[in-house]
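Worksheet for the structure shown next.
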Amino acid sequence: MTKKMPIVTKPESEHELESRVLALAGQTLSQLADKIHWPIPENLKHDKGWVGQLLEVHLGASAGNLSEPDFQNIGIELKTIPLTAKHKAKETTYVCAVPLLNNIGLSWEDCCVYHKLSRVLWLPVEAEATIPLGKRRIGRGFIWSPSTEEMDLLKTDWEEFMELISLGQVETITAHLGEYLQIRPKAANASVVTTGIGLNGMRKQTLPRGFYLRTSFTNHILESFFKN
DNA sequence: TGGTGATCATAC
DNA sequence: GTATGATCACCA
């Protein structure tokens, strides 16, 4: 998919972004794609980021592939939530790369998970395989910040992970670990390497990994917002 | 069938 | 390789 010039200006306030989000609710992906003349892929197999990028354009996200929030001027990160037929999160949510080096003494408040999740626009999108991509509908998005309880849950997992990593135990970490946060590979393929800490404190080449939110956590966020 | 490990596209 | 955006694919 080729990048196009922005057709929507960046939102100048949370309120403006919220208005745009509400206007998207109920629209189909083909409606949005047609407006900006984007072809609709048969499926997402070779276009895994297509839905997210489509919505970025329509909401005026501006950060591109910079390490900045999608809406940098108002400090908001956009995350789509693919939904099952039962309106549960279908996939985990990627947060950020796991720091495998120079992480001694890194505090929760200085880590990428804390910063990425401090202010998030969650945008649910139908994602059942039985619905053709173009017919999938956008849901009611909302802007969120973690509660102190949610923060504590994530912090607990994060600290457990970072202790293992700083001790050179990154290879022992599997996606089974962590209550609400998990660590999984984040790379083009399993042969990609980055530098991390080995068992003896020496540097060691290892697979790049990312922090992901479990679906149980995003489902909790959805339920919290949509109850009432 | 859900969750883990692997993977896909693209810009730089 | 690292950043962005994520979903795929297979096995328990």
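Numbered from 1 within each chain, the chains take letters A, B, ... in sequence-line order. Just the heavy atoms: all of them, side chains too, but no hydrogens, waters or symmetry mates, feed the values below.
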Kindly point out which of B/dG3, C/dT2, B/dG5 is positioned nearest to the side chain of A/Thr194? C/dT2
Hey, is the main chain of A/Pro185 close enough, under 3.5 Å, to the side chain of A/Tyr212 for a donor-acceptor pair? yes
Give the rounded distance in Å between these two atoms: CZ of A/Phe217 and P of B/dG3. 16 Å
Rounded distance in Å - OH (A/Tyr212) to P (B/dG2): 20 Å
Of the options B/dT7, C/dA3, C/dA6, whose atoms approach the side-chain atoms of A/Tyr94 most closely? C/dA6
Rounded to the nearest 0.5 Å, how far does CD1 of A/Ile173 lie from CZ of A/Arg209? 7.0 Å
Closest to side chain of A/Leu44, choosing from C/dG5, C/dT7, B/dT4: C/dT7
Member of A/Pro99, A/Ser107, A/Cys111 meeting the side chain to side chain contact (heavy atoms under 4.5 Å, CB included) criterion with A/Met162: A/Pro99
Side-chain N or O of A/Gln182 closer than 4.0 Å to phosphate OP1/OP2 of B/dT4: yes
Scan A/Val51 against the nucleic acid and name what it touches under 4.0 Å (heavy atoms): base, sugar-phosphate only, or nothing. nothing
Return the 5'-most residue of the pair A/Ala175, A/Gly49 with respect to DNA chain B, ranking by each residue's nearest nucleotide. A/Ala175
Rounded to whole angstrom units, what separation is found between the CD1 atom of A/Ile183 and the C1' atom of B/dG5? 14 Å
Do any N or O atoms from the side chain of A/Asn73 and from the backbone of A/Pro11 form a donor-acceptor pair under 3.5 angstrom? yes
Using OP1 and OP2 only, check whether a side-chain N or O of A/Lys116 sits under 4.0 Å from C/dT4. yes
If you only use heavy atoms from C-beta on, which nucleotide in C/dC8, B/dA6, B/dG5 is closest to the side chain of A/Lys90? C/dC8
Could you check how far CZ of A/Arg184 sits from P of C/dC10, rounded to whole Å? 16 Å
Against the side chain of A/Gln53, the closest entry in B/dT7, C/dC8, C/dG5 is C/dG5
Only residue of A/Leu22, A/Leu121, A/Leu78 satisfying side chain to side chain contact (heavy atoms under 4.5 Å, CB included) with A/Leu17 is A/Leu121
Closest approach to the side chain of A/Leu207, judged atom by atom: which nucleotide of C/dG5, B/dA6, C/dG1 is it? B/dA6
Given atom CD of A/Glu77 and atom C1' of C/dG5, what is their separation to the nearest angstrom? 10 Å
Between B/dT7 atom C1' and A/Glu91 atom CD, what is the distance in whole Å? 12 Å
Determine: side-chain N/O of A/Lys45 to OP1/OP2 of C/dA9, distance under 4.0 Å, yes or no. yes
Side-chain N or O of A/Thr92 versus OP1/OP2 of B/dG3: is the shortest distance under 4.0 Å? no
Could you walk me through whether A/Thr84 and A/Glu128 pass side-chain hydrogen bond (donor to acceptor under 3.5 Å, both in side chains), step by step? CA-CA 5 Å; A/Thr84 65; A/Glu128 299 161 67; over 6 Å; no
Nearest-nucleotide comparison on DNA chain C, the residue closer to the 5′ end among A/Lys186 and A/Pro208: A/Pro208
C/dA6 P sits how many Å from A/Lys79 NZ, rounded? 6 Å
Among C/dT7, C/dG1, B/dG5, which is the nearest nucleotide to the side chain of A/Val192? C/dG1
Whole angstrom value for the distance that separates C1' of B/dA9 from CH2 of A/Trp38: 12 Å
Hey, does A/Gly52 reach any base, or is it just sugar-phosphate, or nothing, if we go heavy atoms under 4.0 Å? sugar-phosphate
Side-chain N,O (A/His46) to OP1/OP2 (B/dA9) below 4.0 Å: yes
Please classify the nucleic acid contact of A/Ala187 as base, sugar-phosphate, or nothing, using heavy-atom distances under 4.0 Å. base
